[in-house]
There are 2 protein chains.
Amino acid sequence: MRIGELAERAGTTTRTLRYYEARGLLTARRAGNGYRAYGEADLHLVRQIRLLQDFGFELEDTRPFVECLQAGHPAGDSCAASLDVYRRKLAELDDCLARLGAVREQVAAQLARAEQANPRCELTLTEGTVS
Amino acid sequence: MRIGELAERAGTTTRTLRYYEARGLLTARRAGNGYRAYGEADLHLVRQIRLLQDFGFELEDTRPFVECLQAGHPAGDSCAASLDVYRRKLAELDDCLARLGAVREQVAAQLARAEQANPRCELTLTEGTVS
DNA sequence: GCTGGCGTTGACGTCGGGGGGAAGGTCTAC
DNA sequence: GTAGACCTTCCCCCCGACGTCAACGCCAGC
């Protein structure tokens, strides 16, 4: 399979696949004409990367999963290093959720206070001439 | 007050203040020697920007607050446009929280599944020779 | 008159995840 | 023999909020 087909089947672009290769996440053997040649295992690998990317993982965080697959394991998260990434990401997510939640409450409080202090703002807004 | 003092009192850097000026958020009259000269109102303005930045607002989102202050209002959020930004940011935060929460659950599920499928990972980790 | 600490403008670097396009090689079909 | 669809490498561009020089001006104290 060439890069275009792999990109299409993995739901990404050739540009992205070459970028993964430049980052050392994806390797390709070369056909006689210099074209990259991929197999089904590469498709699984790229799909693993995309799944984690969709979770918001950075590319570097997908590396343990990639190495796990390359080592012959059936799934990218069959290795301890991958589980560590899961746990770390989970902690990051919890931290992020806590901070965002706190900010949300602060902004809500600011809004409530400002609306209270200046109750005509909504009126001037709805009465404004919106061209 | 010169730029260094304003930066220190506002808890930021001179580079940042010049950046705000380049973005049109902050204007300074000039002393005879070309140095920027600021007053107390500018300090309030920069503090307003920093507060919103700490909330995670983008710089452009602080512009209505800045213009509100420059129009002579006592607070940056005394104007309708500022309240609109509050409401929009609140909606963004809620959306972000919902998506992050969903991702968190997905990652937690992946971790639980992988730990279940491969219960020795923790052992191999603790038994591994960590040099 | 010299050092040190301010200030000025301007330009370039950072980070992540690629996008866009040039300039060219290759394969297939008509 | 030629169109067009694919591939190759290479290099610059993007976002946001600054950081980091470089090269220079201004001013105070000694």
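Bear in mind that the values here come from a model prediction, so they are computed numbers and not experimental data.
The phosphate of dC6(C) has neither OP1 nor OP2 within less than 4.0 Å of any side-chain N or O from Arg2(B). For the pair Arg50(A) and dG17(C), the criterion of a side-chain N or O lying under 4.0 Å from OP1 or OP2 is not met. In this structure, Thr16(A) reaches the dG19(C) phosphate: one of its side-chain N or O atoms is under 4.0 Å from OP1 or OP2. For the pair Asn33(B) and dC27(D), the criterion of a side-chain N or O lying under 4.0 Å from OP1 or OP2 is met. Phosphate proximity of dG19(D) to Thr13(B): present, with a side-chain N or O under 4.0 Å from OP1 or OP2. Residue Gln53(A) has no polar side-chain atom (N or O) positioned under 4.0 Å from OP1 or OP2 of dG16(C). Applying the 4.0 Å criterion to OP1 and OP2 of dT20(D), one finds that Arg18(B) has every side-chain N and O outside that range. The side chain of Tyr20(A) places an N or O atom within less than 4.0 Å of a non-bridging phosphate oxygen (OP1 or OP2) of dG18(C). Remark: Arg15(B) is not in phosphate contact with dG13(C), judged by side-chain N or O atoms under 4.0 Å from OP1 or OP2.
Atoms CG (Leu17(B)) and C1' (dC6(C)) sit 15 Å apart, rounded to a whole Å. Regarding Leu6(A), its CG atom lies at a distance of 11 Å from the P atom of dT8(D), rounded to whole Å. Across the protein-nucleic acid pair, Arg23(B) atom CZ and dC15(D) atom C1' stand 11 Å apart, rounded to whole Å. Atom C1' of nucleotide dG16(D) and atom CD of Glu60(B) are separated by 11 Å, given to the nearest angstrom. Regarding Glu8(B), its CD atom lies at a distance of 13 Å from the C1' atom of dC6(C), rounded to whole Å. Distance Phe57(A) CZ to dG18(C) P: 15 Å, rounded to the nearest Å. dC6(C) atom P lies 17 Å from atom CZ of Arg36(B), rounded to whole Å. If you measure from atom CD of Glu5(B) to atom P of dG7(C), you get 10 Å, rounded to the nearest angstrom.
Closest to the Thr14(B) side chain, of the nucleotides dT9(D), dG7(C), dG17(C), is dG7(C). Checking dT9(D), dG25(D), dG25(C) against the side-chain heavy atoms of Tyr35(A) singles out dG25(C) as nearest.
Between Tyr86(A) and Phe55(A), a ring centre-to-centre spacing not shorter than 6.0 Å is recorded.
With hydrogens and angles disregarded, a donor-acceptor distance shorter than 3.5 Å links the side chain of Asp42(B) to the backbone of Gly39(B). At least one donor-acceptor pair under 3.5 Å links the side chain of Ser82(B) to the backbone N or O of Gly76(B).
A side-chain donor-acceptor contact under 3.5 Å links Arg23(B) and Tyr19(B).
Between the side chain of Tyr19(A) and the base of dG19(C) there is no donor-acceptor pair of N/O atoms closer than 3.5 Å.
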Assess the residue pair Phe57(A) and Val107(B) against the criterion (side-chain contact (heavy atoms from CB on, under 4.5 Å)); give the C-alpha distance rounded to whole Å, side-chain angles, the decisive distance to 0.1 Å, and a yes or no. CA-CA 10 Å; Phe57(A) 286 36; Val107(B) 173; 4.1 Å; yes
